[in-house]
Amino acid sequence: MRLPRRALLGASLAVPLAARAQGAYPDRPVVLVAPFAPGGASDVAARTLAAHADRHLGQPIVVENRTGASGMVGTLHVRRAAPDGHTLLMARIASSAIVPAIDRAAPYAWDEFTFLGLVDINPYVVVVRADAPWRTLGELIEEIRRRPGALNHGSSGPSTILNLGIRYLLLQAGLAPDATVEIPFRGGGEVATALLGGQVQIVGQNLSEIAGALQGGQARALVVTTPERFAAIPDVPTAREAGFPALEAIVGWNALAGPPGLPDPVVRRWEAVLAALARDEGWIAATRRVGSVPQIRDGAAAKAFIGAQVALYRELGRRLGLSG
């Protein structure tokens, strides 16, 4: 039986139209998982990106906080998500580099994910309350040396930069890595609040998480890990100026990643979105305003950067006796 010419024409058009519809991306809002609590660096970066990248993507970007286990809960959620590009991760230093570097029982490997690009760099600062007696990092170190175990520092979990940065500083000062006591919280925002409330005496964290308190005169930064003084806090000495040049290795960052096996069209779409974001003055200004440095790099460069961070924390974990 032969089909009428009109039916044949309709059938020939239906296949490419259906294929195009099936291949359209994104065809609904994209969920961007921030693996730490609201107010932390990953949350701030995710919401800043979502507020500006949606117009380049053509769909809303919905930020979802999935917290716990030094960011592993949210990261594992994305690892298990369908590889269709509608669930992505704001990959963070703790969950995407430190945990895989030092925890052999981590439920994922750092390089399993599809890296879409680096987003920003966060200067790391050591901060005390504005009314604290220590005016310099040297004075704080001497206090810790005089009274080991008497002061505490806030962290967002043992395998995070907020904890390991302080422990690395103590090692560089010739002190025991537990010379200050870790007090863990759910995220960097809570840590900043705890410092201002007097629950902790020291915070080593990303500038983006404490910038408001510094600008408001509620907190005092003693050092920043950028090679040069940071424009937003020009009076704060660098690690090298403070006598701890090795501390420059401690820096926060955010990267955009997806589950393993994201298809090429999704990867190319996000490469275009991030390239547009790198020229987006609104996003650039917003990122700088929260104390971060815009640092858009493509997926290959992001993977190389994160691999180097994994190597750094694998060695630090070995020195601290944390690897296992």
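Atom CZ of R229 sits in a crowded spot, with more than 12 heavy atoms from other residues, nucleotides or ligands closer than 6.0 Å.
Taken to the nearest 0.5 Å, the CG atom of D178 stands 13.5 Å off from the CD1 atom of I166. Atoms CG and CD, from L164 and E182 in turn, are 8.5 Å apart once rounded to the nearest 0.5 Å. The CZ atom of R135 sits 3.5 Å away from the CZ atom of R220 when rounded to the nearest 0.5 Å. In this structure, CG on L162 lies 12.0 Å from CZ on R167, to the nearest 0.5 angstrom. Rounded to the nearest 0.5 angstrom, I102 CD1 and L320 CG are separated by 8.0 Å. With values rounded to the nearest 0.5 angstrom, I210 atom CD1 is found 12.0 Å from Y124 atom OH.
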Problem set entry | Working for side-chain contact (heavy atoms from CB on, under 4.5 Å), residues M72 and Y108 | CA-CA 9 Å; M72 281 193 288; Y108 51 81; 3.3 Å; yes
Exercise. Is there a side-chain contact (heavy atoms from CB on, under 4.5 Å) between H77 and E64 once you walk through the steps?
Worked result: CA-CA 11 Å; H77 173 75; E64 182 178 285; 4.2 Å; yes
For this session: List the steps and the verdict of side-chain contact (heavy atoms from CB on, under 4.5 Å) for I61 and L49.
Result: CA-CA 9 Å; I61 301 170; L49 183 142; 4.2 Å; yes
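Looking at R268 and E271, no side-chain N of the basic residue comes within less than 4.0 Å of a carboxylate O on the acidic one, giving no salt bridge. The existence of a salt bridge linking R28 and D84 is confirmed by a sub-4.0 Å separation between a basic side-chain nitrogen and an acidic carboxylate oxygen. Note on E315 versus R319: no salt bridge recorded, every NZ/NE/NH1/NH2 to OD/OE distance being 4.0 Å or above. Comment: E190 engages R186 in a salt bridge, judged by a side-chain N to carboxylate O separation of less than 4.0 angstrom.
A distance-only check finds no donor-acceptor pair linking the side chain of S42 to the backbone of A34 [under 3.5 Å]. Put simply, the side chain of T193 gets close to the backbone of G189: a donor and an acceptor are under 3.5 Å apart. For the pair N254 (side chain) and R92 (backbone), a donor-acceptor distance under 3.5 Å is absent. Judged by distance alone, with hydrogens and angles left aside, the side-chain atoms of Q295 form no donor-acceptor pair with the main-chain N or O of I121 at under 3.5 Å. With hydrogens and angles ignored, the 3.5 Å screen pairs a side-chain donor or acceptor of D280 with a backbone N or O of W283. Listed for the E241 side chain is a donor-acceptor partner under 3.5 Å among the backbone atoms of T238. In this structure, R318 contributes its side chain and R314 its backbone to no donor-acceptor pair below 3.5 Å. For N65 (side chain) and P35 (main-chain N/O), no donor-acceptor pair under 3.5 Å exists by modelled atom type. Looking only at distances, a side-chain donor or acceptor of Y25 sits under 3.5 Å from a matching main-chain atom of G85. Although no hydrogens or angles enter the test, the distance criterion places no donor-acceptor pair under 3.5 Å between the side chain of S96 and the main chain of I93.
For the pair N163 and S155, the tightest heavy-atom approach, listed with the atom from each and the gap, is CB-CB, 3.7 Å. Annotation for A278 and I284: closest pair O-CD1, 3.3 Å, computed over non-hydrogen atoms. For the residue pair A276 and H56, the shortest heavy atom distance occurs at CB-ND1, 3.7 Å. The shortest heavy-atom contact between A219 and L214 is O-CD2, 3.5 Å.
Looking only at side-chain heavy atoms (C-beta outward), L151 and I144 come within less than 4.5 Å of each other. For the pair S95 and F36, the minimum side-chain heavy-atom distance is below 4.5 Å. When side chains are defined from C-beta on, V127 does not count as touching L222, because their heavy atoms never get closer than 4.5 Å. Taking 4.5 Å as the limit, some side-chain heavy atom of I202 sits within range of a side-chain heavy atom of L140. A 4.5 Å side-chain heavy-atom check between Y168 and L247 finds at least one atom pair inside the cut-off. Contact check for F230 versus P123: side-chain heavy atoms found under the 4.5 Å cut-off. When side chains are defined from C-beta on, V181 does not count as touching H153, because their heavy atoms never get closer than 4.5 Å. A heavy-atom distance below 4.5 Å is found between the side chains of P26 and H86.
The cationic atom of R297 (NZ for Lys, CZ for Arg) lies less than 6.0 Å from the six-membered ring centre of F305 and within 45° of the ring axis.
One side chain, N122 or S292, offers a donor N or O that lies under 3.5 Å from an acceptor on the other. Between the side chains of Q309 and W253, a donor-acceptor pair is found at a separation under 3.5 Å. Side-chain atoms of E248 and T225 include no donor-acceptor pair closer than 3.5 Å.
Among residues two or more places apart in sequence or in another chain, the side-chain contact (heavy atoms from CB on, under 4.5 Å) test is passed with V203 by V191, L195, V200, Q205. Residues satisfying the side-chain contact (heavy atoms from CB on, under 4.5 Å) criterion with P260, sequence neighbours excluded, are R79, E112.
Clustering ILVMFWY residues whenever any of their side-chain heavy atoms sit less than 4.5 angstrom apart, transitively, puts I250 in the very cluster that holds V128.
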